Amino acid sequence: MAQTIGQGRQNQADPFGSFRRECVVALKTAYSSLQQTSEHSLTDMSIESTIEDPPNPTFGHLASSLSFELARIQKKKPIEIAKTLAEITRQLSKLNLIESIEATEPGYINFRANLTKLTELTLKSIQQTGPNYGLLKTEAPERTIVEHTSANPARPIHIGTAKNSIFGDTLARLLSARGHIVRTHFYIDDTGRQVAIMAYGYKLLGEPTPVGKPDHYVGKIYSVTATLIEIEELKKRLTLLKKTNLSDMDIVATTKSLDEWVGIAADLRSKYPAEFDQLGKLISLDPDPENSIRELIRKYEKKDPATTALMRRVSRTVLIGFEETLRKARIRFDQWDWESDLLWTGRVAELLERLKESGFTFNKGGALELDVAKTVEKFGLREKLNISPTFEIPSLTLTRSDGTSLYATRDIAYTLYKFERADRVINVIGTEQSLAQLQVKTAFWITGHRKETENFIYFPIGHLMLEGQRMSARRGRYVTFDQVLDETISRAKSEVDKRSPNIPDEIRQRVADRIAISAVRYAILSVEAIKSTNFVWDKVLNFEANSAAFINYAYTRSSGILRKLGKISQPKELNLLIDPGEQALILELSKFPETFSKAADDLNPTLLTLYVNLLAQRFHEFYEKSDISHLSNNELKWQRVELVLAVRTVLKTLAELLGLELAERM
RNA sequence: GGGCCGGUAGUCGAGCCAGGACCAAGACGGCGGCCUGCGGAGCCGCAAAUCGUGGGUUCGAAUCCCACCCGGCCCGCCA
């Protein structure tokens, strides 16, 4: 909690945070008084870190365990110290948001908030600042680049990659709301083998105009081409192995792999018979397909005009499909960076020169290697980069023996590029890349960016399994993001049809879209990014508690109340909201600023999904218990309406942060 | 062999970084209640947890340290 207690944000409303700061100040005052009178010498200590949330409301709203620490030094019982501290605190402090300070067994000091004042502060702040309530601005804004998704433009975005997109997009929303200058970048990995294979197949077919969604159409060509070539290569290797008779183990493994690919091929053939047979014929006419692909890669790196035109054309076709999918999920990018540009502008070559000059590279069979381990030892980076002392860091191949570059090399160049434009770079990438990210980071350090290395942030995304099965894009075993969105929309549509038959179909469709998109985003965000999770349809399609629909339903209910009321009036005061359900709801609202800033600073969107669910839950409880529209006591009615309006404001802000879309009716 | 990350009720999953009232949040599933007043996609209640295992540190450990076990991932002239 310590880092959420900042100075200099007096002008920004943070009701619960203000209460917390008041408790800290009061306790600090009491502690320094104790320091002067105590016969034992008491060192300065962090009062903030002793402040915690009590387990239940009967203990107040915040508590301190300071007495337990002091008990040891003073050789007294914690409860006695607690009583003394509570007494001094009460005497010395001017209490504003604190209602009471009490010492309780076994030695806690419990602070109770003055709920009348907290209510007024919270509701007035929300009323005055509206959509800005809670979005505490950082005191140190940073130009931040969030790179995410960066899917290979060779096949549609699948649900595993979508997890990456959703977290990346949400992080950007959070940081931007926190006051950072954020830009999202999509890194188009177009110089690798996969795009070359895709272009090869596409070219063989005579560059057809896509039928249906372009990424799906071209993705199909890629899968078929890649499979056919894989089989060709495996067959060749098997023949070679049998001829040289080197190792039975290799033969067995290759045969097994071949069998697997033949199975995949059969599957693809049944799905896309026309393309499969056509490509099969065309590829068999090529004496050396593998070489054709290598040629494409080589020529593209050299920016050969015809090759460049082809590669860019086919990549762009796929990217149009990506954009459509991402737009559907409310994900947008500020910039699309072509990996090939890094080569053509000489950035990669420049980087290689710098690395060579550093003296940490060596030649291995014509390939250029970076001695990462040596670098780490030389500069004592183990501690700095948090590397285990027994870990032998492998070297990193920078260029192939034919001189062409590799992904990691280009990624280092890209890192330099990004840091020319930002103070902080966040890479949202799967956990399987953790070693690669470490190597890139180390190389970045070598290039002289010592200070910036601290702001190189790897945000790992845990693997997403599909109903217990590992997804494999290469093997065509995956569910696309489009499928998930479409399925969820159709499911949401039938729910809306069932529950709200009286609204026009056009609106029902729009509502279903919103509920579905939100449901998918919420389901992904509600589990921490790093955890590997199992994608289960039931969870995404669940519209009950702890889902986006549950949150939307709170909003819809509030809309219902307002609709029923028609014209609304301002209450004279805010002194009648004393029901426990109301107070619990207000307390939750008062904590939003702290929750938001912690979520943004810790890069933890999941925290906000938990919070928004809790807020919705408190609202539903309030709704069930407190009448509004049929109240005869007008003052109470308008006070409750004020609370409803406040909840709506905060729900809308949260929806904006998480990329959820709220429907008035559902 | 080495490394990284995870392990919390039948299932999913917060809390762990900054140890404290933890007889551990919340959800799904199970069981039982609540609609002649703002929409039941809701609310109320019950049952369900050796916090992976074993040690250690501490007045106090789900949380910190050590060892081990299980699961995922990585250690390519792939990306």
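Below, all heavy atoms of this structure are taken into account, side chains as well, without hydrogens, waters or symmetry copies. Because the structure is predicted, anything quoted here is derived from the model rather than measured. Protein chains get the first letters and strands the later ones, always in sequence-line order, with residue 1 at the start of each.
- At the heavy-atom level, F550(A) lies under 4.0 Å from the strands shown only through sugar-phosphate atoms.
- If you take atom C1' in G54(B) and the same atom in C4(B), they sit 24 Å apart, rounded to whole Å.
- Ring planes of W537(A) and F535(A): perpendicular class, angle over 60° (limits at 30 and 60°).
- Projected onto RNA chain B by closest heavy-atom contact, S388(A) and G192(A) fall at different nucleotides, the more 5' of which corresponds to S388(A).
- Atom NE2 of H630(A) is separated from atom C1' of C35(B) by 13 Å (rounded to the nearest Å).
- Note on V641(A): nothing from the nucleic acid sits closer than 4.0 angstrom, heavy atoms only.
- Closest to the side chain of S401(A), from the set C77(B), G39(B), C38(B), is C77(B).
- Residue-level contact check: R563(A) touches neither bases nor backbone, having no heavy atom under 4.0 Å from any strand.
- The same atom, C1', is picked in G15(B) and in A25(B); the two are 8 Å apart, to the nearest Å.
- Between the side chain of T254(A) and the backbone N or O of L234(A) there is no donor-acceptor pair closer than 3.5 Å.
- Here, C23(B) and A48(B) have their C1' atoms 15 Å apart, quoted to the whole Å.
- Base engagement by S500(A) is indicated by at least one non-hydrogen atom pair under 4.0 Å involving a base atom.
- Per the geometry, CG belonging to L438(A) stands 19 Å off P belonging to G2(B), to the nearest Å.
- Between A49(B) and G3(B), the two C1' atoms lie 32 Å apart (nearest whole Å).
- Separation of the C1' atoms belonging to C28(B) and G13(B) is 10 Å when rounded to the nearest angstrom.
- As judged by a 4.0 angstrom heavy-atom cut-off over every strand, A63(A) is placed among the base-contacting residues.
- Rounded to an integer number of Å, the gap from CD of E69(A) to P of A18(B) is 14 Å.
- Each of A18(B), G15(B), G39(B) was ranked by its minimum atom distance to the side chain of S49(A); first place goes to A18(B).
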Heavy-atom contacts, protein to nucleotides 22-27 of chain B, under 4.0 Å, summarised as B (base), S (sugar-phosphate only) or - (none) per nt, yield S--BSS
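- You'll find that the side chain of T606(A) is closest to A14(B), out of G3(B), A14(B), C77(B).
- A side-chain donor-acceptor contact under 3.5 Å links R112(A) to the backbone of T58(A).
- Here E339(A) pairs with Y187(A), T191(A), R410(A) under the side chain to side chain donor-acceptor pair (under 3.5 Å) rule; sequence neighbours left out.
- Not counting sequence neighbours, the partners of E377(A) by the salt bridge (Lys or Arg N to Asp or Glu O under 4.0 Å) test are R382(A).
- Using a 3.5 Å distance cut-off with no hydrogens or angles, the side chains of Y300(A) and S340(A) do pair a donor with an acceptor.
- Looking at RNA chain B, the stems built from 3 or more consecutive Watson-Crick or G-U wobble pairs, each pair with its key distances under 3.5 Å, are B:1-7 with B:69-75, B:10-12 with B:26-28, B:30-34 with B:42-46, B:52-56 with B:64-68.
- Spacing between atom CG of L66(A) and atom P of C59(B) amounts to 17 Å, rounded to whole angstrom units.
- Looking at heavy-atom distances under 4.0 Å, N110(A) makes contact with a base.
- Residues satisfying the salt bridge (Lys or Arg N to Asp or Glu O under 4.0 Å) criterion with K77(A), sequence neighbours excluded, are absent altogether.
- Looking at L27(A) and I51(A), their side chains come closer than 4.5 Å, going by heavy atoms from C-beta outward.
- Comparing the C1' positions of C31(B) and G10(B) gives a spacing of 14 Å, expressed to the nearest Å.
- Contacts of K364(A) with the nucleic acid, taken as non-hydrogen atoms under 4.0 Å apart, include base atoms.
- What separates CG of D627(A) from C1' of C43(B) is a distance of 14 Å, to the nearest Å.
- Rounded to whole Å, the C1' atom of G71(B) lies 41 Å from the corresponding atom of G33(B).
- Atoms CD and CD1, from E233(A) and I229(A) in turn, are 8.0 Å apart once rounded to the nearest 0.5 Å.
- Among the nucleotides C38(B), A18(B), G42(B), the one closest to any side-chain atom of S629(A) is C38(B).
- R237(A) pairs by the salt bridge (Lys or Arg N to Asp or Glu O under 4.0 Å) definition with nothing, not counting sequence neighbours.
- Residues meeting the salt bridge (Lys or Arg N to Asp or Glu O under 4.0 Å) test with K625(A), sequence neighbours left out: D579(A).
- Of the options D601(A), T595(A), D602(A), a side-chain hydrogen bond (donor to acceptor under 3.5 Å, both in side chains) to K598(A) is made by D602(A) and by none of the others.
- Classification of C66(B) as anti follows from a glycosidic angle more than 90° from 0.
- Each of G39(B), C44(B), C38(B) was ranked by its minimum atom distance to the side chain of I561(A); first place goes to C38(B).
- Side-chain atoms of R521(A) come within 3.5 Å of backbone N or O of L658(A) as a donor-acceptor pair.
- At a non-hydrogen distance threshold of 4.0 Å, V527(A), E528(A), I530(A), K531(A) from residues 516-531 of chain A come into contact with RNA chain B.
- Pairs of residues two or more places apart, or lying in two chains, that qualify as side chain to side chain donor-acceptor pair (under 3.5 Å) and include a residue from residues 383-397 of chain A are E369(A)-S395(A), E369(A)-T397(A), S388(A)-T390(A).
- Judged as a side chain to side chain donor-acceptor pair (under 3.5 Å), and not counting sequence neighbours, T431(A) has no contacts.
- Side-chain proximity of K598(A) to the nucleotides A21(B), G3(B), C17(B) is greatest for C17(B).
- F391(A) comes within 4.0 angstrom of sugar-phosphate atoms only, judged by non-hydrogen atoms across all strands, and of no base.
- Nucleic acid contact for G365(A): base, since at least one base atom lies under 4.0 Å from a heavy atom of the residue.
- Across the P atoms, G19(B) and U63(B) are found 12 Å apart, a figure rounded to whole Å.
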Detail all sub-3.5 Å separations between protein N/O atoms and N/O atoms belonging to nucleotides 67-75 of chain B.
from: C73(B); atom 1: OP1; to: R470(A); atom 2: NH1; distance (Å): 3.2

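- In this structure, E624(A) atom CD and G39(B) atom C1' are separated by 11 Å, rounded to whole Å.
- Applying the salt bridge (Lys or Arg N to Asp or Glu O under 4.0 Å) test to every pair with at least one member in residues 535-559 of chain A, sequence neighbours left out, gives these pairs: R557(A)-E624(A).
- Rounded to a whole Å, the CH2 atom of W638(A) is 16 Å from the P atom of C38(B).
- A distance below 6.0 Å separates the ring centres of H620(A) and Y553(A).
- Note on R193(A): every side-chain N or O is 4.0 Å or more away from OP1 and OP2 of C78(B).
- The side chain of R400(A) contributes no N or O atom lying less than 4.0 Å from OP1 or OP2 of G76(B).
- Nucleic acid contact for I628(A): base, since at least one base atom lies under 4.0 Å from a heavy atom of the residue.
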